[in-house]
Amino acid sequence: MRRRMLLPCLILSAVLCGCGAGEKTGEVSVPQVRQANESEQAEENKTESVPEEGEPAPGLTGFEPGAFLGEEEVILMEEGEPVSVSYRRIQGIDGFTIAYDPAAFTLEAGEEELCFYASSHGPDSKTPVFVKIWGTEGASTEALADQYVADSNEECTVEEVTIGEGEYPATWISYAEGTEGDSRTCDLYIFRYNEKLYTVWMDCFVEAYEGLGSAQESILSTLRFDEG
């Protein structure tokens, strides 16, 4: 059984402007990784296809977005106590892989987009809780960040951070919107890898942020590009 360390989702640096939607609380550490056996693979649904025999090993490129690659035992800290959770690693977009808790989130995968919906506030909910990732061609990080800030029409926090297992540099934009009794926190992460820009968009109720927010961050903390 192979062991590795998941790095924290965020390492924050200097604040550039505005005021934010709340502190990050998720912690992820020391997962144990194992390959799913054939019976487990057979149970995967059509959006999380299983690699055929003879295809590249998990973690390499060549699979469709959402393809199932294996399972990982991830240790999460909940109320100061370590809890083991089974995460499912899938193929991402253009070379990255990412993992999530299938008991807590439902995956929808497209050619250029992944979306993880919280089971308690799924895609059919009036106000879903989700983590969405997509790629963008042609824009600069700065121009895209300016566009998102302008489109939000809210007072934003903008910070330079690192995300994922490889501590990839990213621009983080955070703001809250909605009424006092139904407010939401929105977090956008913009990062570049191999000349392509990616955006991660997290949306969550403020009142549920302490629990669901850390679960969303734990997904982002597992993002990994094939460095080979």
Side-chain angles (χ1 to χ4, degrees), residues 6 8-10 12 18-28 45 47-48 65-66 68 72 74-79 83 85-90 92-93 96-110 112-136 148-149 151-159 161 163-164 170-191 198-223:
L6 285 186
C9 175
L10 301 176
L12 302 183
C19 63
E23 287 191 17
K24 307 302 179 189
T25 58
E27 297 182 39
V28 182
N45 62 36
T47 63
E48 300 168 276
F68 174 67
E72 305 175 3
V74 177
I75 306 301
L76 302 178
M77 298 301 296
E78 295 184 2
E79 297 182 353
V83 177
V85 181
S86 180
Y87 268 43
R88 181 173 296 169
R89 182 160 291 274
I90 61 164
I93 304 165
F96 74 79
T97 68
I98 196 166
Y100 71 104
D101 178 4
F105 290 88
T106 299
L107 169 67
E108 288 190 1
E112 284 293 325
E113 181 178 289
L114 297 174
C115 194
F116 305 91
Y117 289 100
S119 300
S120 57
H121 298 83
D124 297 329
S125 172
K126 183 179 178 181
T127 50
V129 174
F130 59 85
V131 178
K132 185 179 294 186
I133 308 173
W134 67 92
T136 305
Y148 289 147
V149 169
D151 290 347
S152 75
N153 200 31
E154 301 286 348
E155 186 175 2
C156 298
T157 289
V158 181
E159 295 187 12
V161 303
I163 61 173
T171 298
W172 171 45
I173 301 166
S174 183
Y175 60 92
E177 65 179 24
T179 62
E180 183 176 349
D182 192 28
S183 58
R184 294 171 19 249
T185 177
C186 303
D187 295 297
L188 291 156
Y189 301 88
I190 308 167
F191 65 100
Y198 298 86
T199 298
V200 180
W201 177 14
M202 298 182 185
D203 199 293
C204 184
F205 290 114
V206 170
E207 64 182 19
Y209 191 81
E210 183 175 349
L212 283 176
S214 60
Q216 290 174 308
E217 289 170 9
S218 71
I219 294 175
L220 184 56
S221 74
T222 69
L223 184 141

- Item | ring-ring contact (aromatic ring centres under 6.0 Å, His included) partners of F130, counting only residues at least two apart | W201

- Query: Step by step, would you call V131 with C115 a side-chain contact (heavy atoms from CB on, under 4.5 Å)?
  - Reply: CA-CA 6 Å; V131 178; C115 194; over 6 Å; no

- For E112, what residues pass the salt bridge (charged side-chain N to carboxylate O under 4.0 Å, His left out) criterion, not counting sequence neighbours? K196

- Query: Taking only residues two or more places apart in sequence, or in another chain, which ones meet F205 in a ring-ring contact (aromatic ring centres under 6.0 Å, His included)?
  - Reply: H121

- State the CD1-CG distance between I90 and L114, to the nearest 0.5 angstrom. 5.0 Å

- Taking all non-hydrogen atoms of both residues into account, name the closest pair between G122 and P128 and its distance. O-CB, 3.2 Å

- Message: If I compare all heavy atoms of P123 with all of E108, which pair ends up nearest, and what's the gap?
- Response: CG-OE2, 3.8 Å

- Query: Does R88 use its side chain to pair, donor to acceptor, with the backbone of E72 at less than 3.5 Å?
  - Reply: no

- Item | From CZ (F116) to CG (L107), nearest 0.5 Å | 5.5 Å

- Message: Going by the rule ring-ring contact (aromatic ring centres under 6.0 Å, His included), which residues pair with F191 if we only count those two or more places apart in sequence or in a different chain?
- Response: Y198

- Task: Answer yes if the side chains of T199 and Y148 hold a donor-acceptor pair under 3.5 Å, and no otherwise.
- Result: yes

- Message: If you define the side chain from C-beta out and look only at heavy atoms, does anything of T222 sit under 4.5 Å from R89?
- Response: yes

- Worked verdict on V158 versus W172 for side-chain contact (heavy atoms from CB on, under 4.5 Å): CA-CA 6 Å; V158 181; W172 171 45; over 6 Å; no

- Item | For the student: nearest non-hydrogen atoms of C204 and G213, plus distance | SG-N, 4.2 Å

- Message: Just by distance, no angles: are the side chains of Y117 and S125 close enough, under 3.5 Å, to form a donor-acceptor pair?
- Response: no

- Between the CD atom in Q216 and the OG1 atom in T185, the distance rounded to the nearest 0.5 Å is 8.5 Å

- Note on the structure: Looking only at heavy atoms, the pair that brings G110 and P65 closest together is O-CB, 3.3 Å

- What's the spacing between D101 CG and I219 CD1 if we round to 0.5 Å? 8.0 Å

- For the residue pair V74 and S218, establish whether any side-chain heavy-atom pair is separated by less than 4.5 Å. no

- Task: Determine, step by step, whether Y209 and S214 satisfy the side chain to side chain donor-acceptor pair (under 3.5 Å) criterion, reporting the C-alpha distance in whole Å, the side-chain angles of both residues, the deciding distance to 0.1 Å, and the verdict.
- Result: CA-CA 7 Å; Y209 191 81; S214 60; over 6 Å; no

- Check step by step if side-chain contact (heavy atoms from CB on, under 4.5 Å) holds for V149 and I173. CA-CA 7 Å; V149 169; I173 301 166; 4.0 Å; yes

- Query: How would you list, by chain and number, every residue that makes a side chain to side chain contact (heavy atoms under 4.5 Å, CB included) with S119, sequence neighbours excluded?
  - Reply: T106

- Go through the structure and list residues passing salt bridge (charged side-chain N to carboxylate O under 4.0 Å, His left out) with D203, not counting sequence neighbours. R184

- Message: Please determine whether the number of non-hydrogen atoms from other residues, nucleotides or ligands lying under 6.0 Å from atom CG of N153 exceeds 12.
- Response: no

- Run the side-chain contact (heavy atoms from CB on, under 4.5 Å) check on V200 and W134 step by step: do they pass? CA-CA 7 Å; V200 180; W134 67 92; over 6 Å; no

- Note on the structure: dist I163:CD1 -> L220:CG (nearest 0.5 Å) comes out at 4.5 Å

- Task: Considering non-hydrogen atoms only, spot the tightest contact between P102 and S86 and give its length.
- Result: CD-O, 3.5 Å

